[in-house]
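Every value quoted in this text rests on a predicted model; they were computed, and no experiment measured them.
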Amino acid sequence: MSADSTTTAPAQPGTDASGASPGGRHLGLALFVIAAAQLMVILDATITNIALPAIQTDLGVTDANLAWIVNSYALAFGGLMLLGGKAGDLFGRRRIFQAGIAVFTLASLLGGLAPNEGLLIGARILQGVGAALAAPNALALITTTFPAGRSRNTAMGVYAAMGGVGATVGLLLGGVLTDALDWRWVFFVNIPIGLVVLAGTRSLVEAERHPGRLDVPGAITGTGGLIALVYGITRGGEHGWTDGLTLASFATAAVLLTVFLVVQSRAADPMMPLRLFKDRNRSGSYATMLFVGSGMFAMFYFLTLYMQLILGFSAVKTGFAFLPFSVGMAAAAGISSKLITHLAPRLIAGPGLLVAAGGMFWFATLEPGSSYAGHLMPAMFVTALGLGMSFVPMTLGAVSGVDHQDTGMASALLNTAQQIGGALGLAVLSTISTSAANDQLPEAASAFFRGLATKDFPLVAKAGEALTHGYTMAFVASGAMFLGGLAVMFLAVDSGRQQHAEGAAPLHLG
């Protein structure tokens with residue numbers, strides 16, 4: 001749909017539509033609104049992880065479908081993020097931001113009220129749609145609301161910090177809410193935050209609108225193809241790779257993704273401009289992030305299940321147990337941001353991915369009786385150090401050398417690669433984990449919960465061993481994915497130093 005008929009007079013950065021300076025506006029409120037929105041979107045990627053065992057028990061979710069509670073959000077978020085940014089260009093950043101927050105808040109209410117796994121997964125998809133509309137436009141609204149200089153730099157810093165803080169807060173808050181109240185409150189908590197954000201959006205200055213068309217065919221074929229692919233992988237692990245619906249899912253994915261590429265190559269305003277992939281460094285960074293996202297999502301998912309089901313950690317204790325990961329990420333990111341001016345990106349990210357793979361292989365030695373202090377915590381810290389070293393170079397590789405008007409799109413594609421990689425990787429790894437566990441004990445997860453319900457502790461112990469074996473096989477595969485990312489990094493990314501590119505968006509961790 002053309003936006004020509006709704007184009008408004010352009011507002012200069014740091015001014016409202018009438019050209020007035022925002023100095024009279026409440027910049028503090030504007031910063032709070034953007035920070036709160038970013039925090040809400042990011043923490044929801046991890047807050048649900050901590051509640052997974054409680055959700056599985058309460059709603060009777062199967063092992064195969066449990067991953068969809070995480071994946072459905074990641075697929076919708078990653079698959080539609082580029083479309084959300086384009087919609088903001090066409091119809092107004094503030095308007096689309098408001099729509100995204102409204103959709104996200106409504107979806108959170110529906111998720112908290114969901115009586116079964118189908119409606120919960122549907123609510124998670126709707127949350128992902130809301131996040132995809134809100135997240136890319138929040139960053140752009142900073143440049144239109146805050147004057148250039150200290151004010152804008154501060155806002156950018158707070159926005160970036162929310163990316164890291166959100167993952168940690170999500171883990172801790174998810175644990176507290178699940179233990180103190182109920183797993184449903186990991187969704188209900190978004191409602192007051194969303195309403196406050198919506199009430200404060202009048203403090204944001206609308207951005208200039210641009211003529212063009214919304215790439216709806218690209219959004220439908222691209223996102224639909226990814227969902228079909230993930231469903232095929234998940235169903236194949238549960239019902240067999242020759243199952244009719246499994247094969248139909250893969251065929252549908254192949255057709256839709258092929259059509260998506262054709263649409264992108266011919267569209268006047270494509271959702272994913274293929275010109276961004278012409279640069280070898282940029283394409284290499286995107287491909288590397290697919291591998292990294294695959295392994296990182298799995299770490300959160302399987303460690304949560306291991307700590308709560310096998311070690312018996314409470315949800316709160318599990319949330320706090322992830323703190324070494326946040327500390328390691330922050331420390332390594334600070335170091336790599338200083339090294340990047342002196343060393344080539346792959347000389348920083350490469351060793352980082354090697355260290356992260358080592359951490360995953362360390363997780364692969366877990367047993368039902370492994371200790372937190374002697375095994376889990378150091379392995380978590382090592383993995384975080386490796387990942388933290390790799391994120392900054394990959395971000396710069398994705399946006400270095402991009403035309404100024406494409407910088408936002410280039411960095412958004414890196415976030416998209418992370419989310420999509422995480423969804424695809426988790427589908428593969430949950431299939432590997434479930435198959436490995438069931439090879440040792442048929443229907444291992446069901447046996448575990450049945451043993452708990454009947455107080456059959458020998459069955460619980462046997463099922464726990466099988467589940468742990470499944471988790472360790474997933475960690476082996478995660479380590480292999482990091483090594484795959486390392487191989488791509490050295491094959492596709494050259495050794496030249498790259499400078500910081502203005503406008504790069506922070507990655508959505510977790």
Output, in order, the C-alpha distance, side-chain angles, deciding distance and verdict of side chain to side chain donor-acceptor pair (under 3.5 Å) for Arg124 and Gln127.
CA-CA 5 Å; Arg124 288 288 283 168; Gln127 276 188 315; 3.1 Å; yes

May I ask you to test the Thr472-Phe363 pair for a side-chain heavy-atom distance under 4.5 Å?
no

Side chains of Phe313 and Tyr372: closer than 4.5 Å at any heavy-atom pair?
yes

Looking at side-chain heavy atoms only, is the closest gap between Phe302 and Ser430 below 4.5 Å?
yes

Anything under 3.5 Å between a donor and an acceptor, one on a side chain of residues 68-82, the other on a protein residue two or more places apart or in another chain? List them.
| from | atom 1 | to | atom 2 | distance (Å) |
| --- | --- | --- | --- | --- |
| Asn71 | ND2 | Ala423 | O | 3.0 |
| Ser72 | OG | Trp68 | O | 2.6 |
| Tyr73 | OH | Val41 | O | 2.8 |

Answer whether the closest heavy-atom distance between the side chains of Thr48 and Phe187 falls below 4.5 Å.
yes

Output field: ring centroids Phe300/Phe322 closer than 6.0 Å:
yes

For a 4.5 angstrom cut-off between non-hydrogen side-chain atoms, does Leu387 reach Phe482?
yes

Using the side-chain contact (heavy atoms from CB on, under 4.5 Å) rule, take Leu177 and Arg184 through it: C-alpha gap first, then chi angles, then the decisive distance, then the call.
CA-CA 8 Å; Leu177 292 173; Arg184 296 180 184 277; over 6 Å; no

State, with a plain yes or no, whether a side-chain heavy atom of Val33 is found less than 4.5 Å away from one of Phe97.
yes

Is the CZ atom of Phe32 crowded by more than 12 outside heavy atoms at less than 6.0 Å?
no

Does any part of the side chain of Tyr231, heavy atoms only, come nearer than 4.5 Å to the side chain of Leu245, both counted from C-beta?
yes

Within 45 degrees of the axis of the six-membered ring of Phe320 and under 6.0 Å from its centre: does Lys317 put its NZ or CZ there?
no

So which heavy atom on Met40 is nearest to which on Gly194, and how close?
SD-N, 3.9 Å

Exercise: identify the closest heavy-atom pair between Asp179 and Ser314:
OD2-CB, 3.1 Å

Between Asp182 (side chain only) and Thr178 (backbone N and O only), is there a donor and an acceptor less than 3.5 Å apart?
no

With the side chain counted from C-beta on, respond yes when Leu120 and Leu110 share a heavy-atom pair under 4.5 Å apart, and no when they do not.
no

